Asker: 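Got a structure here, written out as C-alpha cells. Questions coming.
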Amino acid sequence: MLTSVELVEFAAKNGIPIWALDASIALVLALAVFSLCGLGVIVLVYMERKVSADIQLRLGPTHVGPRGTLQLIADMIKLLSKEDVFPKHADRWLFRLAPALVFIAAFTGLMVIPIGPRLVVQDLNVGLLYVLAIPSIAVAGLIMAGFGSYNKYAMMGGLRAAAQMVSYEVPRALSVIGIVMLAGSAKLSTIVDAQGFWYIFLQPIGFMVFLVSTLAEINRVPFDMPEAESELVHGYSTEYSGMRYAFFLFGEYIALIAAAALTVVLFLGGWHGPGPELLGPIWFAIKFFGVVFVIMWVRWTLPRFRIDQVMDLGWKVLLPLALLNILITGIVMSI
Amino acid sequence: MDKLEQLKTTKADLDDLSAEFSSNGESEEGSKDIKTDVLTINFGPQHPSAHGVFRGVFEVDGEIIVGIEPHIGYLHRCFEKIAEHRTYTQFIPFTDRMDYLSSMLNNWGYVISVEKLADVAVPERAEYLRVIVGELNRIASHLVFLSTAAIEAGALTPYFYYFDERERILWLFEQLCGARFTYNYMRVGGVRVDTPDGWLDDVLAFTERLEKTMVDYDKLLLGNYIFKKRMKGVAPFSAEQALDWGLTGPSLRASGVNYDVRKADPYSVYPRIDFDAVVLCNGDNLDRVIARSQEIKQSINIIKQAVAQVPDGRVYSPGMPRYVTPPPGEAYAHIESSRGDLGFYIVSDGSPKPYRVKIQGPSFGNLQVLPAIATGSFFSDAVLIFGTLDVVFGEVDR
C-alpha cells in the first residue's frame, strides 16, 4: 500500500495536480465507506427481522433469496417504484431536504471510526468530539420533516424528537469524558490503543449512561417517542413514502451502525483481540454485532417511555450519574 | 340525588380544567406575547390504535389532552332493526358480529333472553358447555386486551405470545363448531352440536398449559418496570365515579365495585361453581390491566370445575319447534360478557319474529367514560386509557 508521501511524489512526477489527487482519494474513500454502509444496512435489516422474528415466535422473511436474505432488495425495488407523493400544502424544500439531511448526518459519524489499525477514513485528533457533535444535526432533519409535512402527527413527532435528542446529547457527551481522562486523548485510535483493559470495566457507570442515551439518541425503543405508532401513527415520517421514506430508514440504520461502532471503539477495546493484528476488523465485527444484538433485544422486549418520563430520566438520572462518573474517575486518577 | 350532585361537580371541574388550559399563556406573566393555541387532532377513524373505527377529536395543549369528543357510528349495521325481520333463531348469527371478540357470550346473552321469554328449559349438559365455551371466549377476549395494551405501551412482543394462546382457543372452537370467529354455536334451548370426542380433554390440556404460560407472560408485561411506570396511577377512576358513569365489567371491578353479573344475578350453572369476582381498588390503568389478567386465571378455574362436573345427556332441548314462537310479552336477561353487563330486552307479539330487540352493550357504556377519564392526561396515555377501557366498536355501534 502506498503511503501518502509516496502518492504525492507519484502525482508530482506525472503532473497530476494535488487537488485532483485529494479529490480522487476522497471519492474512493467515500465510495468505500458508502458501500460498506450499504452492506451493513442490508445485514442489519435482515438481522433485525430475524432477531425480532425469533423473539416473537415467527419465522421472519423466508421467500426472497436463500433464507430470505434478499428481502430488503425486494423492498427497495418496491419503494423505488412508488409514486413520489407530496402532501398538499407541504413545504416542498423542507420536505425534500429532511430525509437527505438525516441520512447524511448519520453517515458523517462513520468517517472517524477506526475499524482496524489504520483502517479509518480520517483519524481526527478531535474524533470523539466530532462523532458526538456532527451526527446530531440529524435532529434538524427530523424537525424539518415534522414541520414540512403539514401534518399534526408529524409535527408532534418532530417536536418530540427535538426535545429528546437535544436532552440526551448532554449526558451522552458527559458520559465519555471519563474515557478522555483515562486515555488522555480524544483521538479514537488512541482511545482504542489505550484499552489494555476494556473501558467497560473501568467505566461501568459511563458505559450504562452512554448506552441508554445512545438508545435515546438514535430513537430506538424504549425511547422511540418521535415515531410512537400507538399515538402518532408514524411520527415525523408519517407523510413520507417511497424512496424518501427509505432514506429515513437508511438513516436510522446507519445511525445504529455508527452508535454500535462507537460503543465498540470506546468501551469494548475496538479491534483488539487475540491473534495477529490482521484479525482486527474481524474482532471489531464480532463485538459490533454483539452490541447491535443487545440493542435489538432491548427494542423487541421493552415498552416505550412517556415523553415526560424520558425527560425525567435524561435530566434527573443520567445527567447526575454522568457527572458522578467524572468525579469518581477524577478522584481515582489523582490517588 | 347525591350521585347527581357528584356528576355535576365532575363536569364543572372538567370545564374549569379545560378553561385553565385553553387560557394558558395569555394570562400568565411574561408569556403575554406568545400566542398559544390548542391543537385539534383528528384521531381516527383510521388510526393504528383506534380499536376498529373509533374517531375522537382530541384537543391537545402540547402533550396534554384538554378535550376529547368521541364520535361513533362508523360501524352501525342496524342490528336491532334487522332483528325485527328475522326469526328468533335467524338473529343468532348477527349477535356474533356485535362484540366480535366474544361472540359466544353474545350468543349466550341473546338465547338466554329468548329462553326466558319463551320459557324453555335447557338440558344440563348444554348449560355446562355454554359455561365452558363462554369462559374460553372470555379468556380469548382478555388475551386480545392484554396484547393490545402491550402494543399501545410500545411493547410489540407480548402480542405474539398472547395471540399464540388465543390461537389455541380458536382451534378448540373450530373443532367444536367449525368457525374460528363468528361461532353461531348456541341455540334457543341448548347448543347446536355436542362436543367431538376428546374435546373436553383438549380443553383441560389447554387450561393447564395456559396456567403455566400466563405466569411467564405476566412477568414479561405486568412485571416490566417501564410498563408499570406507564400504567400506575394513570387516570384513576373512583368507585363512585365509575358507578355514576355506568361503567361495567372488569374496568368497574378494577375501581373497587364488586359487581359481577355471574355473582350478582346468577344464571346458568354459575351458582354451582366456586370462583371469585376479581375486585381491585385503585381503578387506574394498571389495575384495569391486572383485572383482566386475574380474570383469565378465574376463568381457567371455572373451566376446570365445569369440565369436571359436565354430565352426559342431550345438548338440545327435546321437542323444540322449528320456529320459536314465544307468547306475547317481554323479557330482559343479562350476562357478564368479557366487557361487562350485556343485556338483551326482547318484546314478543306472539309471532315467530321479535317485535323489538334492544341490546344493552357494555362497550357503549364504557366508551362514554373516555372524555371524563382522559382529559388532563398525556396524549400518549389517552391512547392507553382508551385501550384499557376495552371497547369493541362492533358492540358500540351494533
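Remember, predicted model here, so these are calculated numbers, not experimental data. Letters A, B, ... mirror the listed sequences (proteins, then strands); counts begin at 1.
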Asker: Other residues, nucleotides and ligands only: do more than 12 of their heavy atoms fall within 6.0 Å of OH on B/Y100?
Answerer: yes
Asker: To the nearest 0.5 Å, what is the distance between CE (A/M155) and CG (B/L39)?
Answerer: 5.5 Å
Asker: To the closest 0.5 Å, what do you measure between CG (B/N42) and NZ (A/K152)?
Answerer: 7.5 Å
Asker: Of the backbone (N, CA, C, O) and the side chain (C-beta and beyond), which part of A/R58 lies under 4.5 Å from a heavy atom of chain B, both, or neither?
Answerer: side chain
Asker: Within a 6.0 Å radius of atom OH on B/Y159, are there more than 12 heavy atoms belonging to other residues, nucleotides or ligands?
Answerer: no
Asker: Is there any residue in residues 50-57 of chain A with a non-hydrogen atom under 4.5 Å from a non-hydrogen atom of chain B, and which ones are they?
Answerer: A/I55, A/Q56, A/L57
Asker: Which atom pair, heavy atoms only, marks the closest approach of A/P303 to B/A153?
Answerer: CB-O, 3.3 Å
Asker: Under the side chain to side chain contact (heavy atoms under 4.5 Å, CB included) rule, what do A/M156 and B/V60 come out as? Steps first, then yes or no, please.
Answerer: CA-CA 10 Å; A/M156 284 186 79; B/V60 190; 4.2 Å; yes
Asker: Which heavy-atom pair separates A/R304 from B/R230 by the least distance, and what is that distance?
Answerer: O-NH1, 3.0 Å
Asker: Can you say whether B/F227 sits under 4.5 Å from chain A via the side chain, the backbone, both, or neither, judging by heavy atoms?
Answerer: both
Asker: Is the count of non-hydrogen atoms from other residues, nucleotides or ligands lying under 6.0 Å from A/F147 atom CZ greater than 12?
Answerer: no
Asker: Quick check against the 3.5 Å criterion: does B/E63 have a side-chain atom that pairs as donor or acceptor with the backbone of A/I307?
Answerer: no
Asker: Can you tell me which residue pairs pass the side chain to side chain donor-acceptor pair (under 3.5 Å) test with a partner in residues 203-219 of chain A, sequence neighbours excluded?
Answerer: A/Q164-A/N219, A/R172-A/T214, A/Q203-A/N325, A/Q203-A/T329
Asker: Between A/R306 and B/V234, is any pair of side-chain heavy atoms under 4.5 Å apart?
Answerer: yes
Asker: If I measure from the heavy atoms of chain A, does B/L221 come under 4.5 Å with its side chain, its backbone, both, or neither?
Answerer: neither
Asker: Under the side chain to side chain contact (heavy atoms under 4.5 Å, CB included) criterion, do A/R160 and B/S380 qualify, and how do the steps go?
Answerer: CA-CA 12 Å; A/R160 282 182 183 188; B/S380 331; 3.3 Å; yes
Asker: Tell me the closest heavy-atom pair linking A/Y153 and B/F43, and the distance in Å.
Answerer: OH-CA, 3.5 Å
Asker: Is the number of heavy atoms from other residues, nucleotides or ligands within 6.0 Å of CG (A/L59) greater than 12?
Answerer: no
Asker: How far apart are the closest heavy atoms of A/T301 and B/T157, and which atoms are they?
Answerer: N-OG1, 4.4 Å
Asker: Within the supplied structure, the quantity of interest is the number of heavy atoms (other residues, nucleotides, ligands) at a distance under 6.0 Å from A/R67 CZ; does it exceed 12?
Answerer: no
